[in-house]
Amino acid sequence: MKPTLRQRLQYRFDNLMSRGTPAMIGMLFVMSVAIVTLAGLVISLLDFRQSNDPTPLPFGEAAWESLMRTLDPGTMGGDTGFEFRIVMLIVTLGGIFIVSALIGVLNNAIEEQMGRLRKGRSRVLESNHTLVLGWSPQIFTILDELMIANENQPRARIVVLADRDKVEMEDEIRERVEVRGKTRIICRNGSPIAPNDLEIASPHTAKSIIVLPPETKDPDTDVIKTVMAITNNPNRRAKPYHIVTQIRRAENLGILGMVGETDTVQTVFTEEIIARVVAQTSRQSGLSVVYTELMNFGGDEIYFKNETELVGKTFGEALLMYEDSSVLGFRKENGSILFSPPMDSRIERGDQIIALSEDDDTIHLSAYATSLDTDPNLIPVKEQVIRSSRQPQKPHPEKCLILGWNRSGAIIVRELENYVPKGSLLTIVADIYGIEKQLKAQGVKLKNQRLVVQEGDTADRVLLDSLKVEDYNHVIVLAYSTLEPQEADAKTLVTLLHLRDMAGKDSTPFSIVSEMLDIRNRELAEVTQVDDFIVSEHLISLMLAQLSENPELYGVFTDIFDPEGSEIYLKPINDYIETGTPVNFYTVVEAARRRGETAIGYRITSESKDADKVYGVHTNPRKSLEVTFAPEDKVIVIAEE
């Protein structure tokens, strides 16, 4: 059956309406203009006039009079003349029905746009910005660090894209992140794994991209999808992307490497790093603070610098040539990292030194360095207080107790195996079933330790008393990954309070190292006077922020946390120098150098409970500054063991 004219008009009208608000605005605008124009033509051509004003109206004036009546119906109240009134009545009715509808549609369109802006769906038009994809508790540490890093930058921008409400994100950031400098944080709503949503955050113009894992059972999947959405984007740029992220399972490292083979994708293996820090810190109180100081932007940072005056010098000579910086190693021209190499390693042309310094412009040779060739004795080293290298004592078997369990547990056990002497005991207590099966599934084989696993509530004082905790050398309290962060930290705090009470009654107190999930709970936990806290997510966040600003640090961090080769140790200061007398750090560096070690700081034990003094840790001190050390103080060195 052939459609009628009415049906065809109705169909066209429906199609027009389906085009949305712009089509409606266009249609109503055309109709409004048509009414005003038609009325103007009728009045001017037919010479309709007001009876009290016989002056004829030209088209322009007639159209203007019509327009005024469409916008304000009350305007026609003073009209006279029958024909003129009839035309203006029609125009006014058109204004009421059509122009008012146009104004209403425009108002709704503006409200929709404002709502869209509040939802964070508008595209970001920034370049050279840092892009953070995803949302987790780590974001606050990352934003804090990036704000410090860009404090002196006039137009620094950080864009956050997450599948959360924009206003909620802004409120949380405003509450937990301190604004510094002129850095601006821009939040947008969208899924990081959706290529269309990614376009909102302008990833193709970003200088670096940080991908945060979601708080799900399998966050690695979302991380891989997000990286793929960036690297395989049809609108991708020719220049390689710099992407920094973290992964939980080792088997996924290769997948990320394959996905980003043409880009710079730097992946932090979270559980392995945290496990190594926990294992090392359990035997060396204060080590986690050292790692934090090396990786945050608040104090001294790691820089690379070409120093032509050091060409031909040895690494050992370079250690004493800086007053305000500590040399950690050097990077060869081919990009390879030599972290605390042998003291006789020569610095060649094209090599860069790796230095710990306050800023990149504070790395400069001391006044002594320029005159060493003529007078090697200029450096103020106190020879009389340096102690000769002692023969290492034969280590005794150790007893270690792990309370609690999480995904890093198996790796911690494996790492402890590398440090403890043969005949040691490792006891694991947690209210989780199948720990021994987990260890076996992950290929953990123990030769130096005898393993004992017991199920139980680690916050139960009766259970802790039955374990005879005071007989152990080291106690590690792990946060349960099966619980929410606040609930897990609460359980950890109760356990620590019991341990503190038990340690206070022990004449030879054991060391206690605890893992926390939320940095805000560290202040609460300080009342327990634990030897060391490891806020796992905080430490990883610091590393991600550092890598996003300087990708060259990836090789340095890899070496620092690599169990093979040199590592960071806190060793008794009285093994290096005589204590009780003022001594400068030049002397400490020289004493360590003679042992093939690199000294980068010290820890004052009397300050170990003082947060304002960074728990006694002093990295990269001024070398001429004299300090009187006590026998229990430590020197921070990079050494083989």
Side-chain angles (χ1 to χ4, degrees), residues 19-22 109 111-140 142-143 146 156-174 177 183-248 252 255-256 258-260 262-267 541 544-545 548:
R19 296 178 183 177
T21 301
E111 288 184 355
E112 287 177 6
Q113 182 63 22
M114 294 297 293
R116 184 169 175 269
L117 291 174
R118 284 193 296 269
K119 290 178 181 178
R121 297 293 296 173
S122 61
R123 185 176 178 181
V124 173
L125 301 179
E126 298 288 347
S127 61
N128 202 37
H129 57 285
T130 301
L131 174 57
V132 182
L133 299 176
W135 186 273
S136 75
Q138 292 178 264
I139 197 168
F140 304 109
I142 290 173
L143 293 179
L146 293 177
R157 296 290 183 267
I158 306 170
V159 178
V160 179
L161 177 71
D163 198 4
R164 287 173 58 95
D165 182 78
K166 173 180 179 289
V167 176
E168 290 181 4
M169 289 191 286
E170 290 173 341
D171 288 344
E172 288 191 51
I173 290 171
R174 195 176 297 112
V177 177
T183 302
R184 183 182 168 201
I185 301 175
I186 304 167
C187 295
R188 289 293 182 267
N189 168 262
S191 173
I193 64 176
N196 289 338
D197 287 1
L198 272 178
E199 295 299 314
I200 296 173
S202 296
H204 315 302
T205 58
K207 68 175 182 180
S208 63
I209 302 173
I210 300 175
V211 179
L212 294 180
E215 296 180 280
T216 59
K217 291 184 178 180
D218 187 14
D220 289 2
T221 302
D222 278 39
V223 168
I224 294 170
K225 286 182 179 178
T226 302
V227 174
M228 290 180 66
I230 300 168
T231 59
N232 296 328
N233 194 300
N235 300 320
R236 69 156 294 149
R237 68 191 187 196
K239 179 183 175 183
Y241 294 98
H242 174 211
I243 303 172
V244 180
T245 188
Q246 61 188 87
I247 214 76
R248 180 182 293 176
N252 291 327
I255 296 176
L256 272 180
M258 180 179 61
V259 169
T262 60
D263 299 283
T264 304
V265 180
Q266 297 179 325
T267 308
S541 300
L544 294 177
S548 73

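Only this structure's heavy atoms are used, side chains among them; waters, hydrogens and symmetry mates stay out. Keep in mind it's a predicted model, so treat the numbers as computed, not measured.
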Review point. Is there a donor-acceptor contact under 3.5 Å from the side chain of His204 to the main chain of Asn233?
Key: no
Using side-chain contact (heavy atoms from CB on, under 4.5 Å) as the criterion, list what pairs up with [X], not counting sequence neighbours.
X: Asp222; answer: Pro214
X: Asn128; answer: Lys207
X: Ser127; answer: Thr205
X: Asn232; answer: Met228

With sequence neighbours excluded, what pairs up with [X] under the salt bridge (Lys or Arg N to Asp or Glu O under 4.0 Å) test?
X: Glu172; answer: Arg164
X: Arg248; answer: Glu271
X: Asp218; answer: none
X: Glu199; answer: none

Indicate yes or no: at least one non-hydrogen side-chain atom of [X] is less than 4.5 angstrom from one of [Y].
X: Ile158; Y: Arg184; answer: no
X: Glu126; Y: Leu131; answer: no
X: Arg188; Y: Val124; answer: yes
X: Leu143; Y: Val160; answer: yes
X: Ile139; Y: Val132; answer: yes
X: Thr130; Y: Val159; answer: no
X: Val211; Y: Ile243; answer: yes
X: Tyr241; Y: Ile209; answer: yes

Qualifying residues under side chain to side chain donor-acceptor pair (under 3.5 Å), relative to [X], sequence neighbours excluded:
X: His242; answer: Gln266
X: Arg236; answer: Asp263
X: Ser541; answer: Gln138

What distance do [X] atom [atom1] and [Y] atom [atom2] have between them, rounded to the nearest 0.5 Å?
X: Lys239; Y: Thr264; atom1: NZ; atom2: OG1; result: 9.5 Å
X: Arg237; Y: Ile230; atom1: CZ; atom2: CD1; result: 10.0 Å
X: Thr245; Y: Ile247; atom1: OG1; atom2: CD1; result: 6.0 Å
X: Asn252; Y: Thr267; atom1: CG; atom2: OG1; result: 10.0 Å
X: Glu170; Y: Ile186; atom1: CD; atom2: CD1; result: 10.0 Å
X: Ser191; Y: Asp197; atom1: OG; atom2: CG; result: 6.0 Å

Residue pair [X] / [Y]: nearest heavy atoms and the distance that separates them:
X: Pro192; Y: Ala229; result: O-CB, 4.1 Å
X: Trp135; Y: Ile173; result: CH2-CG1, 3.8 Å
X: His129; Y: Ala201; result: NE2-O, 3.2 Å
X: Cys187; Y: Lys166; result: O-CE, 3.5 Å
X: Pro213; Y: Pro219; result: CB-CB, 3.7 Å

Study note, to complete from the structure: Exactly one of Leu133, Val259, Ile255, Ile193 clears side chain to side chain contact (heavy atoms under 4.5 Å, CB included) with Val227, and that residue is Val259
Review point. Given Thr231 and Thr262, is the side-chain contact (heavy atoms from CB on, under 4.5 Å) satisfied, shown in steps?
Key: CA-CA 8 Å; Thr231 59; Thr262 60; 5.8 Å; no
Exercise for review: Go through the steps for Leu198 and Asn196 under the test side-chain contact (heavy atoms from CB on, under 4.5 Å), then give the verdict.
Suggested key: CA-CA 5 Å; Leu198 272 178; Asn196 289 338; over 6 Å; no
Practice item. Please assess Gln246 against Leu544 for the test side-chain contact (heavy atoms from CB on, under 4.5 Å), listing each intermediate value before the final yes or no. Key: CA-CA 8 Å; Gln246 61 188 87; Leu544 294 177; 3.3 Å; yes
